[in-house]
Amino acid sequence: MLNIYPLFYFMVYAPLTGQVKPLSEVPDETFSKDVLGRGAAIISSEGKLYSPVDGKVSTVMDTRHALGISGPGESELLIHIGLEIVSLGGKYFSPKVKEGDEVKVGDLLIEFDLEAIKKDFKTITPVLIMNADDYDEIIPMKTDGNIQAGEPFYEVK
């Protein structure tokens, strides 16, 4: 009998409240062409980033606008708040976790001043599975429209 259920899958939950966008609409080829991984993006409507999975913080960038999480099934996630934001040097970002911290879905990871950042930068936030080739599929729960932090975002099989 054929097993129609995958051997392993997990859900990635929305780490932000905002508007869902496919990676193909991120105006940066590093993300839109899946160079760093596959997933989806959210244009944030509030300045709080939450953990999308249970896992361990693998890195917090010196510029505090991006972090990595080692998640379920040896997944490696990257969450990158905004585009071209490195030039801020961490201004407007307040991480609530550090490298090595264990996190659960919904834990607050970073607070940021969305209004200050929006004045000069795009705030679209890619949420990637960097080792996506290790999985068969990444299935978005939504491809457009609004999403609340904590809602199912995409499934990884």
Side-chain angles (χ1 to χ4, degrees), residues 4-6 8-55 57-58 61 63-73 75-88 92-97 103-157:
I4 61 170
Y5 299 101
F8 183 81
Y9 72 95
F10 64 94
M11 185 66 64
V12 174
Y13 295 90
L16 303 156
T17 294
Q19 185 179 12
V20 174
K21 292 292 179 187
L23 285 182
S24 61
E25 292 185 22
V26 175
D28 180 323
E29 287 191 359
T30 303
F31 299 109
S32 66
K33 302 288 186 193
D34 298 338
V35 173
L36 293 177
R38 295 192 324 257
I42 298 173
I43 299 173
S44 184
S45 62
E46 65 179 23
K48 293 183 180 183
L49 177 75
Y50 301 94
S51 184
V53 295
D54 292 347
V57 176
S58 55
M61 299 299 208
T63 51
R64 305 185 296 193
H65 74 286
L67 56 76
I69 299 175
S70 297
S75 60
E76 293 296 330
L77 283 81
L78 171 67
I79 308 169
H80 190 282
I81 301 168
L83 301 178
E84 308 290 328
I85 242 162
V86 171
S87 63
L88 286 174
Y92 305 127
F93 294 91
S94 177
K96 304 301 178 190
V97 293
V103 293
K104 297 283 186 197
V105 170
D107 287 353
L108 182 61
L109 302 175
I110 299 174
E111 286 186 307
F112 55 99
D113 187 338
L114 181 63
E115 294 309 311
I117 295 165
K118 280 179 20 178
K119 290 178 184 175
D120 296 310
F121 299 93
K122 292 183 180 0
T123 59
I124 193 165
T125 300
V127 181
L128 308 174
I129 303 292
M130 292 181 11
N131 59 336
D133 290 343
D134 293 350
Y135 302 94
D136 292 331
E137 296 179 273
I138 295 177
I139 305 165
M141 299 293 105
K142 285 186 172 184
T143 55
D144 205 356
N146 294 323
I147 195 164
Q148 294 291 313
E151 287 182 0
F153 188 36
Y154 57 83
E155 184 177 32
V156 180
K157 293 184 178 184

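Computed from a prediction, not measured in an experiment: that's the story for all the values here. Along the sequence shown, the residues carry numbers beginning at 1.
When all heavy atoms of P15 and V127 are compared, the pair lying nearest together is CG-CG2, 3.6 Å. Minimum heavy-atom separation, D28 to E84: OD2-OE2, 4.2 Å. Between A41 and V26, the closest heavy-atom pair is CB-CG2, 3.7 Å. Annotation for L23 and F31: closest pair CB-O, 3.8 Å, computed over non-hydrogen atoms. In this structure, P52 and L109 approach most closely via the heavy-atom pair CD-CD1, 4.4 Å.
To the nearest 0.5 angstrom, Y154 atom OH is 6.5 Å from L128 atom CG. Atom OG of S45 sits about 7.0 Å away from atom CD of Q148, to the nearest 0.5 Å. Taking CG of L88 as the start and CG of D120 as the end, the distance is 8.0 Å to the nearest 0.5 Å. The line from NZ of K48 to CG of L16 is 12.0 Å long, rounded to the nearest 0.5 Å. Taking CG of L67 as the start and CG of L78 as the end, the distance is 8.0 Å to the nearest 0.5 Å. Taken to the nearest 0.5 Å, the CD atom of E115 stands 9.0 Å off from the OG1 atom of T123.
Partners of T143 under the side-chain hydrogen bond (donor to acceptor under 3.5 Å, both in side chains) rule, at least two apart in sequence or in another chain, do not exist in this structure.
Looking only at distances, a side-chain donor or acceptor of Y135 sits under 3.5 Å from a matching main-chain atom of G73. Distance alone, capped at 3.5 Å, is enough to place a donor-acceptor pair between the S58 side chain and the G68 backbone. The backbone N or O of Y50 lies less than 3.5 Å from no partner atom in the side chain of Y13, so there is not a single donor-acceptor pair. A donor-acceptor pair is defined here as one N or O able to donate and one able to accept, closer than 3.5 Å; no such pair exists between the side chain of D107 and the backbone of S51.
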Pair K96-E111, salt bridge (charged side-chain N to carboxylate O under 4.0 Å, His left out): steps then yes or no: CA-CA 7 Å; K96 304 301 178 190; E111 286 186 307; 3.4 Å; yes
Walk me through whether L83 and F121 qualify under side-chain contact (heavy atoms from CB on, under 4.5 Å). CA-CA 7 Å; L83 301 178; F121 299 93; over 6 Å; no
Pair D54, F10 - check side-chain contact (heavy atoms from CB on, under 4.5 Å), show working. CA-CA 10 Å; D54 292 347; F10 64 94; over 6 Å; no
With side chain to side chain donor-acceptor pair (under 3.5 Å) as the criterion, how do S32 and E25 come out once you've worked through the C-alpha distance, each side chain's angles and the decisive distance to 0.1 Å? CA-CA 6 Å; S32 66; E25 292 185 22; over 6 Å; no
Which is it for E76 and D134 under the side-chain contact (heavy atoms from CB on, under 4.5 Å) test, yes or no, and what are the steps along the way? CA-CA 10 Å; E76 293 296 330; D134 293 350; over 6 Å; no
Give the intermediate values and the outcome of side-chain contact (heavy atoms from CB on, under 4.5 Å) for residues M141 and E151. CA-CA 9 Å; M141 299 293 105; E151 287 182 0; over 6 Å; no
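Below 30°, between 30° and 60°, or above 60°: for H65 and H80 the angle between ring planes is above 60°, a perpendicular geometry.
Atom CE of M11 is surrounded by more than 12 heavy atoms from other residues, nucleotides or ligands within 6.0 Å. Residue E46 places its CD atom among more than 12 non-hydrogen atoms of other residues, nucleotides or ligands, all under 6.0 Å distant. Heavy atoms from other residues, nucleotides or ligands lying under 6.0 Å from NZ of K142 number more than 12.
Between I81 and the options I42, I124, I110, T63, a side-chain contact (heavy atoms from CB on, under 4.5 Å) holds for only I110.
Inter-residue side-chain proximity for M130 and L77 is flagged as unmet; no heavy-atom pair is nearer than 4.5 Å.
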